Participant: 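Just passing along the structure, written as structure tokens.
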Amino acid sequence: MSAPVQPPEARVASEHPEAAGYRAGRTLPLRVEAMRQLRRRRTLLMGGVLTALPFILIIAFAIGGSRINLMDVATESAANFAATSLFVSAGFLLVIPVALFCGDTVASEASWSSLRYLLAAPVPRVRLLWSKLVVALGFSLAAMVLLPVVALAAGTAAYGWGPLKLPTGGALSAGDTVPRLALVVAFIFVSQLVTAGLAFWLSTKTDAPLGAVGGAVFLTIVGNVLDAVTALGSWRDFLPAHWQFAWADALQPQLEWGGMIKGAAVSVTYALILFALAFRGFSRKDIVS
């Protein structure tokens, strides 16, 4: 009678007793990676910039006395001020933390020559990428939430709480404002997944964090430029940048989903392709850094 076949992990444990307690899923916990990233100077700096922006806008409105068009009603209430803060930052400023957090993931480890030691721990490659991607996206979302939260607090102190008045007339009740702003933030986050995918993919291809971050920002800007080329016609519908301000439909008396659904579908499609390329490429890469 033949001996029962042992599973691979059982054979490893019997041949290497020191590995008996090893579990790939327990390596590089999200909590550990999150604390590492939270202590980084660039994380604290980015948090400081996003926190300061609403106060800078308040000072600008007070000194200049001018208002930017959603911007014509920017100082009507805290809700209007928060929407204005998102409007002036969504096109570029909020791209920076996404590119920074996602582009600095793997490339920074390679630049410090610590990547090969992480993998020798051993942390499986898929586990390493998954942990870093989840934490990077988490910090990116936190950055997008931080801005409107601070803007609502600062706007309440400066302009008072009230309904969100629309430049085209009409208003959203105070009770509807926070859910609508939350929807805006959610859409902005989804629309920025393309930048996240670009930065993360580039981070697995280079040992230079600045190259990954800068490359993602540059390609995002290229997308914005292409969207401005009206001669492209309906081809612009396939550009993520074409839908980046579709969230404005969430700030209408009658909520419109069409543009946001199309924009989310385009962004998620590109992002999934880029994330898949990152995992596929990194799994076959010869790690020397």
Side-chain angles (χ1 to χ4, degrees), residues 38 42-101 137-193 195 224 241 243-257 259-260 263-264:
L38 185 60
R42 51 95 160 134
T43 303
L44 300 177
L45 178 61
M46 186 55 62
V49 170
L50 293 173
T51 301
L53 178 63
F55 297 97
I56 294 173
L57 288 176
I58 288 175
I59 294 172
F61 289 140
I63 294 176
S66 60
R67 301 173 184 174
I68 307 175
N69 320 341
L70 181 51
M71 309 303 103
D72 291 333
V73 291
T75 59
E76 293 293 331
S77 69
N80 281 92
F81 183 67
T84 301
S85 298
L86 287 170
F87 182 81
V88 300
S89 58
F92 183 74
L93 181 59
L94 290 180
V95 172
I96 303 299
V98 175
L100 185 63
F101 291 133
L137 291 177
F139 274 92
S140 300
L141 178 59
M144 295 181 189
V145 172
L146 177 64
L147 177 63
V149 167
V150 174
L152 281 174
T156 299
Y159 311 121
W161 183 260
L164 192 154
K165 296 184 179 180
L166 306 175
T168 55
L172 292 177
S173 67
D176 289 336
T177 295
V178 173
R180 294 291 186 93
L181 288 176
L183 178 59
V184 168
V185 172
F187 177 78
I188 293 175
F189 174 72
V190 172
S191 68
Q192 293 297 338
L193 286 177
T195 300
N224 289 334
W243 306 99
Q244 63 180 327
F245 290 107
W247 57 263
D249 292 341
L251 301 182
Q252 301 300 323
Q254 186 65 37
L255 181 61
E256 296 288 342
W257 289 98
M260 288 188 287

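Position 1 is the first residue of the sequence, and the numbers go up from there. As the structure is a prediction and not an experimental result, all values here were calculated from the model.
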Participant: Any chance you could measure L44, atom CG, to L38, atom CG, to the nearest 0.5 Å?
Facilitator: 6.5 Å
Participant: Check whether any side-chain heavy atom of F81 lies under 4.5 Å from a side-chain heavy atom of P54, and answer yes or no.
Facilitator: yes
Participant: What class does the angle between the rings of F87 and W247 fall in, given that below 30° is parallel, 30 to 60° is tilted and above 60° is perpendicular?
Facilitator: perpendicular
Participant: Return the CE to CZ distance between M46 and F101, rounded to the nearest 0.5 Å.
Facilitator: 6.5 Å
Participant: Show me the donor-acceptor pairs within less than 3.5 Å that the side chains of residues 154-162 make with the rest of the protein, sequence neighbours left out.
Facilitator:
residue: T156; atom: OG1; partner: L152; partner atom: O; Å: 2.6

Participant: When you look at M260 and L255, which way does the side chain to side chain contact (heavy atoms under 4.5 Å, CB included) test go after all the steps?
Facilitator: CA-CA 11 Å; M260 288 188 287; L255 181 61; 4.2 Å; yes
Participant: Looking only at non-hydrogen atoms, find the nearest pair between P163 and L172 and report the distance.
Facilitator: CB-O, 3.0 Å
Participant: Side chain to side chain contact (heavy atoms under 4.5 Å, CB included), that's the test. Do L193 and L137 meet it? Break it down for me.
Facilitator: CA-CA 9 Å; L193 286 177; L137 291 177; 4.0 Å; yes
Participant: Testing the basics here: between T43 and F139, what is the closest heavy-atom pair and its distance to 0.1 Å?
Facilitator: CG2-CE2, 3.8 Å
Participant: Return a table of donor-acceptor pairs under 3.5 angstrom between the side chains of residues 177-190 and protein atoms on other chains or two or more places apart.
Facilitator:
residue: T177; atom: OG1; partner: S173; partner atom: O; Å: 3.0
residue: R180; atom: NH1; partner: A250; partner atom: O; Å: 2.8
residue: R180; atom: NH1; partner: Q252; partner atom: O; Å: 2.7

Participant: Once you round to the nearest 0.5 Å, how far does CD1 of I96 lie from OG of S140?
Facilitator: 11.5 Å
Participant: What heavy-atom pair brings L164 and A83 nearest, and what distance separates the two atoms?
Facilitator: CD1-CB, 4.3 Å
Participant: Rounded to the nearest 0.5 Å, how far does OG of S85 lie from CG of L53?
Facilitator: 5.5 Å
Participant: For a side chain to side chain contact (heavy atoms under 4.5 Å, CB included) with M144, tell me which candidate from V98, L86, L50 qualifies.
Facilitator: V98
